[in-house]
Amino acid sequence: EVQLVESGGGLVQAGGSLRLSCKYSGLPFDDYVIGWFRQAPGKEREWVSCFASRDGSTDYVDSVKGRFTLSYDNAEVAVYLQMNSLKPEDTAVYYCAADRPSYYYTGECRIARRFGSWGQGTQVTVSS
């Protein structure tokens, strides 16, 4: 059974930082892609970043480039999203998702409906 668990969300002032974690287990692939998405109230789920386990490649939506950084820990079986210089518009529920590794190289990791396994989400609130 695939399980993904996000944590690390919270309330922070603009300009602050948070580190989200996505711990996963039961993935049926030797390699995989981890996608981060976020959803603000009344808005569609938005792609934030992707991580490819095969070679450690990362990709980010333009609005977070230079502020957000992905890292991973094989021992912890986790992917982390370090979020710096947070802005009020970053406020959302953040989700991680996992699926086949090819999605990273085709760009499909930017598409939420491509992912079959999701975590429960963690709330990030940035106050102005």
Side-chain angles (χ1 to χ4, degrees):
E1 179 185 3
V2 177
Q3 288 189 328
L4 297 100
V5 179
E6 304 96 335
S7 62
L11 173 63
V12 64
Q13 288 188 332
S17 299
L18 285 172
R19 189 177 82 151
L20 306 184
S21 68
C22 173
K23 295 190 176 183
Y24 46 90
S25 62
L27 294 177
F29 317 108
D30 290 336
D31 297 309
Y32 47 84
V33 62
I34 298 291
W36 281 97
F37 294 81
R38 63 188 180 187
Q39 189 164 19
K43 295 188 176 181
E44 292 188 354
R45 194 164 294 191
E46 174 192 29
W47 170 67
V48 176
S49 64
C50 289
F51 165 76
S53 71
R54 181 173 294 170
D55 56 11
S57 296
T58 57
D59 192 17
Y60 304 91
V61 67
D62 286 347
S63 61
V64 308
K65 282 181 180 177
R67 300 190 297 123
F68 290 12
T69 305
L70 282 167
S71 63
Y72 67 98
D73 186 328
N74 282 333
E76 293 290 328
V77 197
V79 171
Y80 302 99
L81 183 65
Q82 178 67 43
M83 307 187 297
N84 298 329
S85 302
L86 283 162
K87 305 175 181 180
E89 51 263 44
D90 294 318
T91 295
V93 178
Y94 283 70
Y95 299 89
C96 66
D99 218 295
R100 62 200 68 200
S102 61
Y103 285 178
Y104 182 91
Y105 306 99
T106 62
E108 292 172 275
C109 71
R110 300 180 178 195
I111 304 171
R113 65 179 182 273
R114 286 286 187 262
F115 285 85
S117 300
W118 290 84
Q120 82 289 349
T122 186
Q123 176 70 48
V124 171
T125 304
V126 184
S127 63
S128 57

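As the structure is a prediction and not an experimental result, all values here were calculated from the model.
- Between the side chain of D73 and the main chain of A78, no donor-acceptor pair closer than 3.5 Å is present.
- The two atoms that bring R114 and E108 nearest to each other are NE-OE2, 2.8 Å, heavy atoms only.
- Counting only distance, with no hydrogens or angles, the side chain of Q13 and the backbone of S127 share no donor-acceptor pair below 3.5 Å.
- By the criterion of side-chain heavy atoms lying less than 4.5 angstrom apart, applied directly or through intervening Ile, Leu, Val, Met, Phe, Trp or Tyr residues, V2 is grouped together with V77 in one hydrophobic cluster.
- The hydrophobic cluster containing Y105 also contains I34, counting ILVMFWY residues as joined when their side-chain heavy atoms lie under 4.5 angstrom apart, directly or transitively.
- The main-chain N or O of S49 is found under 3.5 Å from a side-chain atom of W47 such that the two form a donor-acceptor pair.
- With Y95 as the aromatic partner, R45 meets the cation-pi criteria of under 6.0 angstrom to the ring centre and within 45 degrees of the ring axis.
- When every heavy atom of G116 is checked against every heavy atom of D99, the shortest pair comes out as N-OD2, 2.8 Å.
- The pair K87-D90 fails the salt-bridge criterion, with no side-chain N (NZ, NE, NH1 or NH2) lying under 4.0 Å from an Asp/Glu carboxylate O.
- Of the possible donor and acceptor atoms, one in the side chain of Y104 sits under 3.5 Å from a partner among the backbone N and O of T58.
- The aromatic ring centroids of Y72 and F51 lie less than 6.0 Å from each other.
- In this structure, CE in M83 is found 11.0 Å from OG1 in T69, a value given to the nearest 0.5 Å.
- Of all heavy-atom pairs between S21 and S7, the closest is OG-OG, 2.7 Å.
- Minimum heavy-atom separation, C22 to L4: SG-CD2, 3.8 Å.
- A donor-acceptor pair under 3.5 Å links the side-chain atoms of S53 to the main chain of Y32, judged by distance alone.
- In plain terms, the two heavy atoms of L18 and L86 that are nearest each other are N-CD1, 3.8 Å.
- Using modelled atom types, no side-chain atom of E6 and backbone atom of T122 make a donor-acceptor pair closer than 3.5 Å.
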(request) Take F115 and V33 through the test side-chain contact (heavy atoms from CB on, under 4.5 Å) and record every step on the way to the result. (result) CA-CA 9 Å; F115 285 85; V33 62; 3.9 Å; yes

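- No continuous path of hydrophobic side-chain contacts links L27 to Y80 [ILVMFWY only; heavy atoms under 4.5 Å].
- Note: R100 CZ to C109 SG = 13.5 Å, rounded to the nearest 0.5 Å.
- Separating the CZ atom in R38 from the CD atom in E46 is a distance of 4.5 Å, to the nearest 0.5 Å.
- Put simply, CD on Q3 and OG on S117 are 10.5 Å apart, with the number rounded to the nearest 0.5 Å.
- Between the Y60 side chain and the R67 main chain, no donor and acceptor come within less than 3.5 Å of each other.
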(request) Just do the side-chain contact (heavy atoms from CB on, under 4.5 Å) check on V79 and W36 with the steps written out, would you? (result) CA-CA 10 Å; V79 171; W36 281 97; 3.9 Å; yes

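- What you find for L20 and G9 is that their closest heavy atoms are CD2-N, 3.5 Å.
- To the nearest 0.5 Å, the span separating OH on Y103 from SG on C50 amounts to 12.0 Å.
- Listed by chain and number, the residues in a side chain to side chain contact (heavy atoms under 4.5 Å, CB included) with T125 are L11, T91, Q123 (sequence neighbours excluded).
- A donor-acceptor pair is defined here as one N or O able to donate and one able to accept, closer than 3.5 Å; no such pair exists between the side chain of Q39 and the backbone of A92.
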